[in-house]
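Each remark here refers to the structure printed beneath this line.
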There are 4 protein chains.
Amino acid sequence: MILGAAVRVFARQGFHTCRVSDIADEAGVAYGLVYHYFPSKEAILDTLFLERWDVMLTAIADADAASAPPREKLRAVASFILDSYRHDPELMKVIIVEVTRAANTFGRTHLGKIREAYGGIARIVKRAQEDGQFRGDVDASFAAQAFYGLVEQVLTTWIFEDAPVSPTEIERVKAEVVQMICGGLEASASAPAPSTPATSHLLE
Amino acid sequence: MILGAAVRVFARQGFHTCRVSDIADEAGVAYGLVYHYFPSKEAILDTLFLERWDVMLTAIADADAASAPPREKLRAVASFILDSYRHDPELMKVIIVEVTRAANTFGRTHLGKIREAYGGIARIVKRAQEDGQFRGDVDASFAAQAFYGLVEQVLTTWIFEDAPVSPTEIERVKAEVVQMICGGLEASASAPAPSTPATSHLLE
Amino acid sequence: MILGAAVRVFARQGFHTCRVSDIADEAGVAYGLVYHYFPSKEAILDTLFLERWDVMLTAIADADAASAPPREKLRAVASFILDSYRHDPELMKVIIVEVTRAANTFGRTHLGKIREAYGGIARIVKRAQEDGQFRGDVDASFAAQAFYGLVEQVLTTWIFEDAPVSPTEIERVKAEVVQMICGGLEASASAPAPSTPATSHLLE
Amino acid sequence: MILGAAVRVFARQGFHTCRVSDIADEAGVAYGLVYHYFPSKEAILDTLFLERWDVMLTAIADADAASAPPREKLRAVASFILDSYRHDPELMKVIIVEVTRAANTFGRTHLGKIREAYGGIARIVKRAQEDGQFRGDVDASFAAQAFYGLVEQVLTTWIFEDAPVSPTEIERVKAEVVQMICGGLEASASAPAPSTPATSHLLE
DNA sequence: CATGAATGAGACTTCATTCAT
DNA sequence: TATGAATGAAGTCTCATTCAT
């Protein structure tokens, strides 16, 4: 399947460094066939991103809609993203490296979609602030950036390490992310709360 | 000056999308001259990155060496990076977009240098944990990722917005970053402490 | 019908600029079917041309065979060609633009057929010269070129204008063509003779 | 020289059938160099056409401006075009086959320029009609089409024959063209007038 | 130092044609 | 008949890099 091959090739070589024929080779087809299904190399990446990102937007919305403490909502989002990485690290690498951080190319193209994710997380924070569960003196958008930035930084580190990440580590990081964002670093800060395991992720 | 022109062009068009002649045009010289000073297009970006990154590594080391509470140390680092952005947003954009997040190309080349920065921040955290000022149940490397990830996320957002950032906003964000990382989001967490203004940044 | 679709597409986009799939789309069939009826894209144009051109050769021969004054014979030929344009301007456009003037491609392939037309017209002139009705000091082949060149120039102009031509204008041009070729431009030359309407054309 | 090579290649193979590398090979340079001077293959043909066509427009205007009988003016125009063919048949072939008759591609692009030529010839006719030297019952534009169509038909025939044309034949044709257009075919029509040799042509 | 003509590998993309269904 | 997935040769164009001047 061409999309699958594209994910592997984009992840391995990067969008700009790979050729369309690399994708075709990886898929075991003639490269003309790639153009039978996609109008251009860029369209392949667009398709990959949009398909998966929309699932994530839904996951964020679902997390927000749940009747759970904010810690749990954020945990659900982190869980979703990290599980997505666990199930298809190559796709997540492509999305992060080639899209969400590519300010001059695809990032600009998909800026609206990317901001939707930030906005969804910010909404979770805002609601928690209104309920008095999160302190009100932090800008909700800023908090969303902290949360998302941390998760993407973790993924970026794994991406650079290029080594498989164990389920155990994934679970530990989920807890750490939530605790970090909610409780902060300082000794006087709140202690971590027990967590519920997440049940869905980006690529089930 | 060719390096300055390269910064502007890389920032505006991206490394892969610009041509060597674009840099030469921006610098007002013939493109052959670029090869008088640099062996290749890649070498220009390498030079840009290495020159500036080393200054940052020094700034992190300096912050760690100071006898100040960890909050202040982290604030100094955040301050340095954010002031660097304020003084040369184009260079910071290039470094972030084209190097530190470019897992398949320059990011891999400069992985060692990039990790040094994480390590420096982690050292600050570790020391604070040993002193009992930061809780010990958080992995110091993880905390460093949270801190650095947040700062880079803020910069990435500004980069995408492509709008000038006011000194006031920069200062506000410095405080928010430290408070976010140290105090966390929850209502029971510690209140923000007063801050000291930073005195140096990446591009003085 | 595929030939009809091909005419429209060749006329609209040109032979080299259209794709076989454009023809299939226009015909409302899958493009594989085109190859069921024609061995190649070129063969479609060959077929279009040959089918129609042979009708014209017959028309020229018929005109010559008639017992009529040379003016009438030439008028019959002009009439045939111009009426052909009126009834299917797209087909005539394709024949002229893609074949009779395409010296490097189809024009060369069908050179023999094209010359037959010139020869037929020249024969009409020659006979008129032998009868003393046309002056003898003009090369018959040259006269045929003048005649045919004028008609094709008129059609080319209409083709470029891409506007429908009224029956009235067609009739006027028929008279003008004959008068121009037979009487010339000069004031002392012979006056136009009344004309008989033509009864057949290339595409009845 | 690249333009010269392009003329030869376009003439030999046709615009659509040749590759840019054929032009480069013919010119004895790397094909990248072609793109150093021209932005595209099309631009080469545009340049070829426009450079030469403007010379012809000037020649037509000059002929019209001269104080000579209309026969002489038309003879000057025919002379110019036919001499142009004699001096660079390949260029004239390219202009006629690939531009002035290419209704779907370059002909459309340069329609304005092409019509200027028709207009210039029509102006000569119109003036002669006003002077009473040409009969007034012929549309001047139509007469221009007859004249130009005849000349292009002669050139097209030579182009298809692909054989060198002798100076003698060229001269004979000049006289025949003028006589044909001015005197017509019929026996009662005016006799040919003696002609003056032309002194310039498209490619001196 | 400085120029820009020249090179040519390499990328994307097109599309006529084949063929299994 | 009819479809459209699949092929791959071929073509245009880009651009990093070299080098004579």
Side-chain angles (χ1 to χ4, degrees), chain A residues 1-2 9 13-25 27-45, chain B residues 1-2 6 9 13 15-25 27-45, chain C residues 1-2 6 9 13 15-25 27-45, chain D residues 1-2 9 13-25 27-45:
Chain A
M1 199 254 205
I2 289 171
V9 172
Q13 304 176 237
F15 180 84
H16 286 98
T17 317
C18 82
R19 302 173 296 185
V20 172
S21 70
D22 292 331
I23 299 173
D25 288 350
V29 299
Y31 57 84
L33 193 59
V34 174
Y35 288 94
H36 197 78
Y37 291 103
F38 300 95
S40 70
K41 188 183 170 188
E42 297 206 348
I44 302 174
L45 182 51
Chain B
M1 201 255 207
I2 289 172
V9 172
Q13 303 176 237
F15 179 84
H16 285 99
T17 317
C18 83
R19 304 177 287 192
V20 172
S21 69
D22 291 331
I23 299 172
D25 287 350
V29 299
Y31 57 86
L33 193 60
V34 173
Y35 288 90
H36 208 75
Y37 294 100
F38 300 94
S40 72
K41 187 184 172 188
E42 297 206 347
I44 301 174
L45 183 52
Chain C
M1 202 255 205
I2 289 172
V9 171
Q13 304 176 236
F15 179 84
H16 286 99
T17 318
C18 83
R19 304 177 288 193
V20 172
S21 69
D22 292 331
I23 299 172
D25 287 350
V29 299
Y31 56 87
L33 193 59
V34 173
Y35 287 90
H36 208 76
Y37 293 101
F38 300 94
S40 71
K41 187 184 172 189
E42 298 207 346
I44 302 174
L45 182 52
Chain D
M1 199 254 205
I2 289 171
V9 172
Q13 303 176 237
F15 179 84
H16 287 99
T17 317
C18 83
R19 301 172 297 185
V20 172
S21 70
D22 293 331
I23 299 172
D25 288 349
V29 299
Y31 59 85
L33 193 59
V34 174
Y35 288 94
H36 199 78
Y37 291 104
F38 300 95
S40 70
K41 188 183 170 189
E42 297 205 348
I44 301 175
L45 182 52

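Note that this is a predicted model, so its numbers are computed, not measured. Residue numbering restarts at 1 for every chain, and letters A, B, ... go by the order of the sequence lines.
Taken to the nearest 0.5 Å, the CD1 atom of C:Ile23 stands 9.0 Å off from the CD1 atom of C:Ile2. One finds the SG atom of C:Cys18 at 11.0 Å from the CG atom of C:Asp25 (value rounded to the nearest 0.5 Å).
Residue contacts shown for B:Tyr37 are limited to sugar-phosphate atoms, with no base heavy atom under 4.0 Å away.
Remark: A:Gln13 engages A:Asp22 in a side-chain hydrogen bond (donor to acceptor under 3.5 Å, both in side chains) (not counting sequence neighbours). For D:Ser40, the side chain to side chain contact (heavy atoms under 4.5 Å, CB included) partners are D:Glu42, D:Ala43, not counting sequence neighbours.
Distance C:Gln13 CD to E:dC15 C1': 13 Å, rounded to the nearest Å. At whole-Å resolution of the value, CZ in C:Phe38 and P in E:dA16 are 15 Å apart. Remark: C1' of E:dT7 and CD1 of D:Ile2 are 12 Å apart, rounded to the nearest angstrom.
Between D:His36 and E:dA6 there is no side-chain N or O to OP1 or OP2 distance below 4.0 Å.
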Pair assignment for DNA chain E - dot-bracket with | for other-strand partners, Watson-Crick or G-U under 3.5 Å: .||||||||||||||||||||
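Rounded to whole Å, the separation between the C1' atoms of F:dT21 and E:dC1 comes to 13 Å.
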Would you tabulate the side-chain donor-acceptor contacts of residues 29-38 of chain B under 3.5 Å, counting partners in other chains and residues two or more places apart, or write 'none'?
none

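For A:Ala27 against A:Met1, the heavy-atom pair with the smallest separation is CB-O, 4.3 Å.
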Spell out protein contact along nucleotides 11-21 of chain F as letters: B when the base is contacted, S when just the sugar-phosphate is, - when no protein heavy atom is under 4.0 Å; keep the 5' to 3' order. SSBBSSBB---
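By the 4.5 Å heavy-atom criterion applied to side chains, C:Phe15 and D:His16 are not counted as neighbours.
Residue-to-nucleotide proximity on DNA chain F shows that, of C:Val34 and A:Val34, the 5′-proximal contact is made by C:Val34.
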